[in-house]
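Have a look at the structure below, then the notes.
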There are 2 protein chains.
Amino acid sequence: MPWDKQFDIDVALDKAKEVFWTHGYEATSMEMLLRAMGINRGSFYDTFKSKRDVLIRSLRRYDTDNRASAIRAAAAGYPPREAITAVFRSMIDGSRGPLGRLGCFLVNSALEVAPQDEEVSLIVREGLRDVERFFADLVRAGQEQGQIPQHIDPTDMGRTLMSQLVGLMVLLRSQAPKATLESVVSQVSRLLT
Amino acid sequence: MPWDKQFDIDVALDKAKEVFWTHGYEATSMEMLLRAMGINRGSFYDTFKSKRDVLIRSLRRYDTDNRASAIRAAAAGYPPREAITAVFRSMIDGSRGPLGRLGCFLVNSALEVAPQDEEVSLIVREGLRDVERFFADLVRAGQEQGQIPQHIDPTDMGRTLMSQLVGLMVLLRSQAPKATLESVVSQVSRLLT
DNA sequence: TCTTGTCTGGAACGTTTATTCCAGACAAAG
DNA sequence: CTTTGTCTGGAATAAACGTTCCAGACAAGA
């Protein structure tokens, strides 16, 4: 007779996400994963296909629940131009939280795993494209409201802001000095003139 | 009686550098390293302390011979303002070379190894600081020659350009579309007005 | 109470890992 | 020719790796 699993798959995946985000894929052993997820290898292989399967699913969860949510939450409630700066600022403020300076799991994976894994590469490209579009949309909205000059090309600017955000995430994980991070954010405002 | 080694340490380290740069540290096995370096494990452990030792030494070589040289070579022969753009453009052009879109070994290591290895972290921070200063110096030189407005703070701008370059290196390794890369470069010019 | 099916805990497996150790080749000095 | 020291090729080692398999516990239905 069917007996329910004693663990929640989503909770387990979130735990896995944190371990992969902190240590990377290769440097995370099955022991570390099982301990973090709070399940044993029988349940693990009964529920998930493989270690890589868990990486893929955690990365997807990260992209939806962390990256995509974070930039939208940070921008909410601000006029477009301020929203852009708020996104950058929130990344610095967020680095003071319990997860500290982990940087961006997506960007980490872009460099470590994506070059050798097409599925991971696709998740990364789609995530970065979403960031790019998100910023481009904010630039257009800012132009409509007269906050951002018309000569700025929204598509170009969306790409540049995405690239700048990616750079900032690397600096965060690299423990760059606070002043460096603040400089980057302050220059974002200048870019929008 | 002393017999000379049959291999050149620097050549071997450069081979090791390419393997670590392509695959990362953890995903590079000793087998891969030995094959690339063209030596066997007896010679390896006689010459180097460990796999990590070789990573550290390759990373130092990369920072000197690749990163630091590349930005200076790209800037050479241009007035300061054009030199800045030339550095960015050279990264895109360089991605068409035999090493293709490997990105930046330093940035890769910043995300994969540096968080868990203080010595790697130090190499990364010093490398990024050198890029920052390099750009700041170019900005000052541009201001002295009347090419870059006086209201731009060289230190802030140096940091921002460094961050933008780091972002670009991530996009390169992520196989971002050419148009995206071009947008980033074109916006660099705008940043200097 | 018995049967059936699913769960957990963890042993076992086959492979891979980084590092240590060893045998034979080689060269120079005595 | 012998001795000594260093080299290369690669076997061996001990541990770790990701995945498979197994025994006992548990719950529901007959």
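For F44(A) and dT6(C), the CZ to P distance is 21 Å, given to the nearest whole Å. If you take CG of D46(A) and C1' of dG5(C), they are 12 Å apart, rounded to a whole angstrom. Going from atom CG of L33(A) over to atom P of dG18(D) covers 8 Å, rounded to whole Å. At whole-Å resolution of the value, CE in M30(B) and C1' in dT20(C) are 12 Å apart. Across the protein-nucleic acid pair, F48(B) atom CZ and dT20(C) atom P stand 15 Å apart, rounded to whole Å. For the pair K49(B) NZ and dA18(C) P, the computed distance is 17 Å after rounding to whole Å. As rounded to whole Å, 13 Å separates atom P of dA16(D) from atom CE of M32(A). Between the C1' atom of dG18(D) and the CD atom of E26(A) lies a distance of 11 Å, rounded to the nearest Å.
Checking dT8(C), dA18(C), dC17(D) against every side-chain atom of S43(A), the shortest atom distance belongs to dT8(C). Listed nucleotides: dG18(D), dT19(C), dA18(C). Nearest to the side chain of S29(B): dA18(C). Distance from the side chain of K51(A) is smallest for dT19(D) among the nucleotides dT19(C), dT19(D), dT17(C). Listed nucleotides: dT19(D), dT8(C), dG10(D). Nearest to the side chain of N40(B): dG10(D). Of all nucleotides listed (dG18(D), dT8(C), dT19(C)), dT8(C) comes nearest to the side chain of F7(A).
Nearest-nucleotide mapping onto DNA chain D: of L34(A) and G42(B), the residue sitting toward the 5' end is G42(B).
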Distances under 3.5 Å between protein N/O atoms and the N/O atoms of nucleotides 11-13 of chain C, please, pair by pair.
{"residue": "dA11(C)", "atom": "N6", "partner": "R41(A)", "partner atom": "NE", "Å": "3.4"}

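Between R67(A) and V131(A), the closest heavy-atom pair is NH1-CG2, 3.3 Å. In terms of heavy atoms, L33(B) sits closest to F20(B) at CD1-CZ, 3.7 Å. Pairing each heavy atom of V120(B) with each of L55(B), the nearest pair is CG2-CD2, 4.2 Å. Between I71(A) and V87(A), the shortest heavy-atom contact is O-CG2, 3.6 Å.
An OP1 or OP2 oxygen of dT19(C) is reached within less than 4.0 angstrom by a side-chain nitrogen or oxygen of Y45(B).
To the nearest 0.5 Å, atoms NE2 (H23(A)) and CE (M32(A)) are separated by 4.0 Å. Atom CG of L138(B) is separated from atom CD1 of I148(B) by 7.5 Å, given to the nearest 0.5 angstrom.
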Given side chain to side chain contact (heavy atoms under 4.5 Å, CB included), test L181(A) with F88(A) step by step and report yes or no. CA-CA 9 Å; L181(A) 308 176; F88(A) 279 82; over 6 Å; no
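No contact: T47(B) has no heavy atom under 4.0 Å from any strand.
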